[in-house]
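Beneath this line is the structure, given in structure tokens, with notes to follow.
Given the structure is predicted, the values throughout are model-derived calculations rather than measurements. Both counts, for ligands and for their atoms, begin at 1 and track the order of listing. Start at 1 with the first residue, then count along the sequence.
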Amino acid sequence: MARVVAVSNRVADPRKAAAGGLAVALGETLNATGGLWMGWSGKIVEGAEGGRPGEGELKVQQAGNVTLATLDLSREDHDTYYLGYANRVLWPVFHYRLDLADFNTAYLAGYRRVNQLFARQLLPLLKPDDLVWVHDYHLIPLAAELRKLGCNNRIGFFLHIPLPPPLILAALPGHEWLVGALFAYDVVGFQSEADAQHFSRYVQSEAHAEVVGPDLYRAFGRTVLARSFPIGIDVDEFAALTHGKEARETYETMREQYSKRQLLVGIDRLDYSKGLPHRIRAFQELLASYPESRRSATLIQIASPTREDVDAYMDIRRELEHLCGQINGDYGELDWMPVRYIHRTLARKRLPGLCRAARVALVTPLRDGMNLVAKEYIAAQDPGDPGVLVLSRFAGAAEQLREALLVNPYDTQGTARAIHQALNMPLEERQARHQALLHRIRTHDVHWWRRSFLEALEHVDAAARQRAA
Ligand SMILES: O=P(O)(O)OC[C@H]1O[C@H](O[C@H]2O[C@H](CO)[C@@H](O)[C@H](O)[C@H]2O)[C@H](O)[C@@H](O)[C@@H]1O
Ligand SMILES: O=c1ccn([C@@H]2O[C@H](COP(=O)(O)OP(=O)(O)O)[C@@H](O)[C@H]2O)c(=O)[nH]1
């Protein structure tokens with residue numbers, strides 16, 4: 001297979017742990033294939049007088065069999081492109097939260113500028129046969145910018161977050177330009193069938209696209225293959241991590257501490273899309289409606305810090321901390337606190353131990369592209385005595401993980417009932433559900449995801465590409 005050149009906002013040394021599904025999945029993918037990974041270094045350089053410095057050099061370094069090419073961003077570019085357009089406009093709109101979007105035109109200008117910068121820096125690194133694989137909402141116009149500079153490589157795009165229905169997308173000023181930019185790619189991948197259908201409906205109704213074959217859309221003088229490629233995890237790697245020293249230590253400590261209690265776990269970035277206040281309210285409802293859970297059910301909620309310069313994230317942190325304080329104040333006893341809230345990132349090596357020790361995992365986002373934690377929880381279980389996954393029907397993962405207990409996170413009482421059912425589920429039923437779920441995440445793991453996307457990109461109709469060139 002040709003060399004893979006991945007481009008994403010966030011890059012990480014694939015040999016080290018990272019929080020955030022994209023970095024985890026891409027690290028695993030590139031570790032397997034080798035190749036080049038380009039993105040933001042995570043560093044912000046201040047200009048001499050607070051303005052924008054000249055374009056920084058690409059820093060190229062070897063990390064195992066992956067070449068990492070990273071770019072610093074100026075303060076202005078970081079604030080407009082990343083905090084602004086990516087996280088104050090695209091993230092809320094694509095997660096159906098128009099109420100949180102801030103349509104500031106300076107953000108769009110920064111977004112376009114950084115995409116142009118990425119294109120200029122990437123082009124000289126490309127060889128003609130490279131398969132270029134661009135990731136996520138930060139870089140939607142990258143292929144269009146590369147094409148303007150004469151790039152004729154096969155370029156694919158994968159959207160890690162949901163694509164909302166056409167009428168929500170249409171509320172985004174400049175939506176025609178943004179979706180039009182997707183047609184500069186050869187293949188566009190989504191997390192779920194629902195997202196792919198939203199794309200199909202949008203391009204036919206708003207862009208008068210023609211359907212010219214299965215999953216093939218023609219508009220703006222180009223043809224694009226658009227379908228769902230649900231992302232997976234490396235099940236074997238995660239299972240191996242579960243048996244590592246740190247995970248075992250964590251597992252044993254948790255089992256010992258909670259031998260007489262029922263442990264529930266939630267592991268998320270502290271993002272408003274993850275539905276954490278709704279989850280705490282459902283847990284509160286469990287304690288209120290099922291008194292036998294008091295002094296017993298304990299929820300460990302890891303809420304790892306994220307995008308803390310964006311107002312909506314400060315607000316959700318305040319709301320969550322208020323709710324955790326309230327529930328502990330109302331129900332806590334000298335020897336038991338219902339919620340243990342931890343505002344830190346849990347080391348990846350410890351995470352499987354916590355998952356394995358927990359009788360129930362609460363993965364209840366209001367909207368989520370996929371949610372890898374749901375899959376990691378399944379991979380970490382002891383098949384002989386597995387825990388139960390309570391999963392939001394609004395996570396991309398719910399399309400695949402039908403044997404989880406699916407809930408509507410807006411329905412507090414319904415979610416509390418499902419948590420109660422999970423805590424009391426007989427062993428045989430737990431085993432049967434887990435077996436089916438494990439089979440599903442094994443057949444659609446991260447290697448399947450990479451292979452199916454890259455095969456689609458490699459085999460995309462050459463004639464259609466030439467007609468378009
Ligand atoms: O890079 P950050 O701004 O710190 O945010 C972390 C990542 O969050 C998002 O992850 C998504 O990708 C996961 C893997 O496909 C998926 O399971 C999850 O549902 C998504 O939310 C974001 O899309 C990434 O770009 C960020 O790096
Ligand atoms: O404290 C934490 C929180 C999350 N993660 C990892 O970060 C990823 C989160 O991915 P997910 O798809 O669930 O959501 P995202 O954060 O990408 O929206 C998963 O691999 C988690 O195991 C972690 O290692 N430590």
Worksheet item: Any N or O on E376 sitting closer than 3.5 Å to an N or O of ligand 2?
Response: yes

Worksheet entry | Under 4.0 Å to a heavy atom of Q191 - the qualifying atoms of ligand 1, by number | 15 (O), 16 (C)

Worksheet entry | R269 heavy atom under 4.0 Å from ligand 1 | yes

Discussion item. Can you confirm, on distance only, whether ligand 1 has an N/O atom lying under 3.5 Å from any N/O atom belonging to N9?
Written reply: no

Discussion item. Centroid separation under 6.0 Å, is that true for the rings of F190 and H198?
Written reply: no

Discussion item. Can you name the atoms of ligand 2, numbered from 1 with element, that are less than 4.0 Å from a heavy atom of L346?
Written reply: 1 (O), 2 (C), 23 (C), 24 (O), 25 (N)

Practice prompt. Taking only Lys NZ, Arg NE, NH1 and NH2, and the carboxylate oxygens of Asp or Glu, determine whether E249 and R350 approach each other closer than 4.0 Å.
Written response: yes

Discussion item. As an exercise, identify every atom of ligand 2 less than 4.0 angstrom from a heavy atom of R348.
Written reply: 20 (O), 22 (O)

Worksheet item: Which ligand 1 atoms does W91 reach within 4.0 Å, using its non-hydrogen atoms?
Response: 9 (C), 21 (O), 22 (C), 23 (O)

Worksheet item: Is there a heavy atom in H160 that sits closer than 4.0 Å to ligand 2?
Response: no

Fill in: Within-cut-off N or O pair, T345 and ligand 2, under 3.5 Å
no

Worksheet entry | Donor-acceptor side-chain pairing of N87 and Y107 below 3.5 angstrom | no

Worksheet item: Hey, which atoms in ligand 1 end up nearer than 4.0 Å to a heavy atom of L372?
Response: 17 (O)

Worksheet item: Does I267, backbone or side chain, put an N or O under 3.5 Å from an N or O of ligand 2?
Response: no

Discussion item. So is Y82 touching ligand 1 or not, going by heavy atoms under 4.0 Å?
Written reply: yes

Worksheet item: Counting each atom of ligand 2 from 1 as listed, which ones have a heavy atom of R269 under 4.0 Å away?
Response: 15 (P), 16 (O), 18 (O)

Practice prompt. Consider every N or O of A347 and every N or O of ligand 2, then say whether any pair is closer than 3.5 Å.
Written response: no

Worksheet entry | Closest non-hydrogen atom pair, E206 against A170 | OE2-CB, 4.4 Å

Worksheet item: Does the pair R359 and D385 meet the rule for a salt bridge (charged side-chain N to carboxylate O under 4.0 Å, His left out), with working shown?
Response: CA-CA 9 Å; R359 170 56 70 225; D385 184 19; 3.4 Å; yes

Discussion item. Ignoring hydrogens, what is the shortest heavy-atom contact between T415 and P409? Give both atom names and the distance.
Written reply: OG1-CA, 3.9 Å

Worksheet entry | Y82 and N9: side chain donor to acceptor below 3.5 Å | no

Worksheet item: Would you call M370 a ligand 2 contact, heavy-atom distance under 4.0 Å?
Response: no

Worksheet item: Between Y251 and R356, does any side-chain donor sit less than 3.5 Å from a side-chain acceptor?
Response: no

Worksheet entry | Shortest reach to atom 24 (O) of ligand 2 by a heavy atom, considering only I233, T306, L351, V363 | L351

Practice prompt. Using distance alone, determine whether L372 and ligand 2 share an N or O pair under 3.5 Å.
Written response: yes

Worksheet entry | Interfacing atoms of ligand 1 (cut-off 4.0 Å, heavy-atom, H138) | 25 (O)

Response to the item:
A student checking ligand 1 against I231 at a 4.0 Å heavy-atom cut-off should list atoms 15 (O)

Worksheet entry | Identity of the nearest option to atom 7 (C) of ligand 1, non-hydrogen atoms only, from R10, R307, R367 | R307

Discussion item. Any non-hydrogen side-chain atom of P165 less than 4.5 Å from a side-chain atom of Y96?
Written reply: yes

Discussion item. Out of all atoms in ligand 2, which are within 4.0 Å of some heavy atom of I302? Include the element for each.
Written reply: 1 (O)

Worksheet item: Short list, please: which atoms of ligand 2 are under 4.0 Å from a heavy atom of S304?
Response: 1 (O), 3 (C)

Worksheet item: In ligand 1, which numbered atoms sit nearer than 4.0 Å to a non-hydrogen atom of I161?
Response: 23 (O)

Discussion item. I'd like to know if the side chain of W449 reaches the main chain of F229, judged simply by a donor and an acceptor atom lying under 3.5 Å from each other, with no hydrogens or angles considered.
Written reply: yes

Fill in: Donor-acceptor contact present, side-chain D195 to main-chain L163, <3.5 Å
yes

Fill in: Polar contact flag for N371 and ligand 1 (N/O pairs, less than 3.5 Å)
yes

Worksheet item: Would you call R279-D268 a salt bridge at under 4.0 Å N-O?
Response: yes

Worksheet item: Does D315 come within less than 4.0 Å of R318, counting only side-chain N to carboxylate O?
Response: yes

Discussion item. Need the ligand 1 atom indices (1-based, order shown) with element for anything under 4.0 Å from a heavy-atom of G369.
Written reply: 19 (O)

Worksheet item: Thinking salt bridges, do R147 and D186 make one under a 4.0 Å N-O criterion?
Response: yes

Response to the item:
Within the 4.0 Å heavy-atom cut-off, what D268 brings close to ligand 2 is neither

Practice prompt. Locate the shortest heavy-atom distance separating H138 from A86; write the atom from each residue and the value.
Written response: CD2-CB, 3.6 Å

Worksheet item: Looking just at side-chain N and O atoms, do H447 and R450 make a donor-acceptor pair shorter than 3.5 Å?
Response: yes

Discussion item. Geometry only, no angles: is K274 polar-contacting ligand 2 at N/O separations under 3.5 Å?
Written reply: yes

